[in-house]
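Computed from a predicted model, the values in this text were never measured in an experiment.
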Amino acid sequence: MGRGRVQLKRIENKINRQVTFSKRRCGLLKKAHEISVLCDADVALIVFSTKGKLFEYATDCCMERILERYERYSYAESQVLTNNAETNGNWTLEHAKLKARMEILQKNQKNLMGEELDSLSLKELQNLEHQLDTALKHIRSRKNQLMYESISELQRKDKALQEQNNMLAKKVKEKEKALAQQTQWDNPQDDGLTSSSVILSQSLQPVNIGGPYHPSGIEEGAALGPPQHRNATLLPSWMLSHLQE
């Protein structure tokens with residue numbers, strides 16, 4: 001049969017309690033040695049009996065060194081805990097301040113919107129009115145400034161577009177002039193043929209011999225020489241002989 005489970009409570013019998021202490025102490029010291037060897041750990045064990053007798057165990061390092069190390073880490077941990085507690089307290093206080101400030105700002109915003117004005121006194125209402133007037137002045141000033149800047153920008157763009165339009169119109173005129181000159185240089189014979197045609201048509205117009213008005217615009221009796229000379233120049237010989245008969 002295996003060992004039964006021991007109930008963990010104080011042993012009332014003094015002799016049994018002392019025997020159990022001796023056995024468990026030896027087992028505890030053995031376990032401390034084993035963990036220091038197997039795990040390469042620094043172990044320090046301190047046990048006081050009911051009569052105040054000291055039993056201790058330490059690894060290769062001396063007990064004082066392990067205790068000093070323990071105190072250093074304990075102090076550092078206590079400092080961290082203290083700082084955390086102070087930080088938590090500061091955050092709690094800061095949260096309360098920010099919450100109160102947010103409530104005040106929300107109330108002011110509602111008052112500026114014309115809500116919850118019943119709780120305000122006459123002086124507070126006058127201050128609120130003054131704040132609104134000041135805000136309106138700043139808003140109108142900013143609006144006028146933006147409108148002036150917008151108008152100035154539009155005028156600048158209009159001036160730039162006008163200059164660009166004038167430049168394009170000038171280029172178009174120069175292009176048309178150059179095109180006309182090029183056309184005149186490419187067809188120089190057209191003008192000469194036109195002039196020759198006009199001169200030839202004027203020279204071939206018929207002459208009214210006996211009429212009162214000449215087609216070319218020369219009146220009768222102008223200095224064109226004797227009639228016979230003109231007939232001889234303009235009429236064939238057989239017609240001249242027939243006229244003389």
Kindly state each residue pair satisfying salt bridge (Lys or Arg N to Asp or Glu O under 4.0 Å) with at least one member in [range], sequence neighbours excluded.
range            : answer
residues 111-122 : Lys110-Glu116
residues 130-159 : Glu153-Arg156
residues 95-108  : none

Does any pair with a residue in residues 166-182 pass side-chain hydrogen bond (donor to acceptor under 3.5 Å, both in side chains), and if so which ones, sequence neighbours excluded?
Gln182-Asp186

Looking at Met167, I'd like to know if its CE atom is crowded, meaning that more than 12 non-hydrogen atoms belonging to other residues, nucleotides or ligands lie closer than 6.0 Å.
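Counting neighbours around CE of Met167, 12 or fewer heavy atoms of other residues, nucleotides or ligands fall under 6.0 Å, so no.
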
Taking atom CG of Leu54 as the centre, report whether more than 12 heavy atoms of other residues, nucleotides or ligands fall under 6.0 Å from it.
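Check passes, neighbour count above 12.
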
When rounded to the nearest 0.5 angstrom, what distance separates [atom1] in [X] from [atom2] in [Y]?
X      : Y      : atom1 : atom2 : result
Glu68  : Arg72  : CD    : CZ    : 6.0 Å
Ile46  : Ile66  : CD1   : CD1   : 9.5 Å
Asn111 : Leu125 : CG    : CG    : 8.5 Å
Asn127 : Leu122 : CG    : CG    : 9.5 Å
Lys123 : Leu128 : NZ    : CG    : 14.5 Å
Ser49  : Gln18  : OG    : CD    : 7.0 Å

Would you say the side chain of Val43 lies within less than 4.5 Å of the side chain of His33, judging by non-hydrogen atoms?
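No - every pair of side-chain heavy atoms lies 4.5 Å or more apart.
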
With hydrophobic residues grouped by side-chain heavy-atom distances under 4.5 Å, do Met63 and Tyr70 end up in a single group?
no

Using links of under 4.5 Å between side-chain heavy atoms of ILVMFWY residues, direct or through other members, which residues join Ile104 in one cluster?
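The other cluster members (ILVMFWY side chains, heavy atoms under 4.5 Å, direct or chained): none.
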
Who else is in Leu28's hydrophobic cluster (ILVMFWY, side-chain heavy atoms under 4.5 Å, direct or via others)?
Phe21, Leu29, Leu45, Val47, Phe55, Tyr57

Glu124 side chain to Ser121 main-chain N or O, any donor-acceptor pair under 3.5 Å?
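Yes, because the side chain of Glu124 sits within donor-acceptor range (under 3.5 Å) of the backbone of Ser121.
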
With distance as the sole test, does Thr134 use its side chain to make a donor-acceptor pair with the main-chain N or O of His130 at under 3.5 Å?
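Yes.
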
Can you see which heavy atom on Asn16 is nearest to which on Asn13, and at what distance?
ND2-ND2, 3.0 Å

On a heavy-atom basis, which atom in Thr59 and which in Ala41 lie closest, and how many Å separate them?
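Shortest heavy-atom separation between Thr59 and Ala41 comes out as CG2-O, 3.5 Å.
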
As a quick check of understanding, evaluate side-chain contact (heavy atoms from CB on, under 4.5 Å) for Leu105 and Gln109, giving each step before the final call.
CA-CA 6 Å; Leu105 291 175; Gln109 182 181 6; over 6 Å; no

State whether Arg69 and Asp42 are salt-bridged, where the test is any N-O pair (Lys NZ or Arg NE/NH1/NH2 against Asp/Glu carboxylate O) under 4.0 Å.
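A salt bridge links Arg69 with Asp42.
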
